[in-house]
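Heavy atoms only: backbone and side chains are in, while hydrogens, waters and symmetry mates are out. Every number for a ligand or one of its atoms is a count from 1 in the order of the listing.
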Amino acid sequence: MRIDVVSIFPSYFDGLTLSLLGRAQSTGILDLQVHDLRDWTHDRHRTVDDTPYGGGAGMVMKPEPWGLALDQLAGLPGAEPAARPTVIFPSPAGEVFRQSTARELAEREHLIFGCGRYEGIDERVFEEAATLGEVRLISLGDYVLNGGEVAVMAMVEAIGRLIPGVVGNPESLVEESHEDGLLEYPSYTKPSIWRDREVPPILLSGNHGAIAAWRREQQLERTRRRRPDLLDR
Ligand code: ADE
């Protein structure tokens, strides 16, 4: 998979060279490229923002650098549908990012993430991007960040670990929170007694059927208590 990220703070993404995603890049499973939006400006100050038409607080990202960046990264308009990228703009006004979103996006060949700052990006950029590929505005949750970078870090990690070969043991992707719509069961390791706290005896019983049933019950109980909204869905 190819992922391009456009940001005015490219060094935010240095962390994505570590750990599993770092290895996926060295082995060629993932081609992740981070770009500085200012490389597509042409004035002395490398300006990416301007005052909003109609007035109001804050600044808006200018369309021109975004247009040039997307043209270059997405290839030509009218390209074969399979070669078209999915263009994602993180936004608190977008659809909420879920595990199902990560699963869907992990199937794509090419993702482009555009990180907005200030009060947002000139709306025409989204219309223009839609001529190059599918456009998705995606929110990490119902709170506001200073810009899209942290949201893109989270999305790239959630999507990247679902690409076949990125996580060494694919079994571990099945038994985790949200994969089956429930929260994960609790985990324990040695010692079996720590500070007078015992591991639930069923886990030491060797009875695999009983252990699986207990874990399922724990999943349901936790989900009921912490995230009843998941059960409604
Ligand atoms: N940018 C600012 N807030 C955001 C959020 N909650 N999700 C995605 N992008 C954002």
Should the heavy atoms of other residues, nucleotides or ligands under 6.0 Å from [atom1] of [X] be counted, would the total exceed 12?
X: E128; atom1: CD; result: no
X: R197; atom1: CZ; result: no
X: D232; atom1: CG; result: yes
X: Q33; atom1: CD; result: yes
X: D14; atom1: CG; result: yes
X: N146; atom1: CG; result: no

What short N/O contacts, under 3.5 Å, does ligand 1 make with the protein, listed by atom pair and distance?
residue: ligand 1; atom: 3 (N); partner: L145; partner atom: N; Å: 2.9
residue: ligand 1; atom: 6 (N); partner: G141; partner atom: O; Å: 3.3
residue: ligand 1; atom: 6 (N); partner: Y143; partner atom: O; Å: 2.7
residue: ligand 1; atom: 7 (N); partner: L140; partner atom: N; Å: 2.9
residue: ligand 1; atom: 9 (N); partner: S91; partner atom: N; Å: 3.2

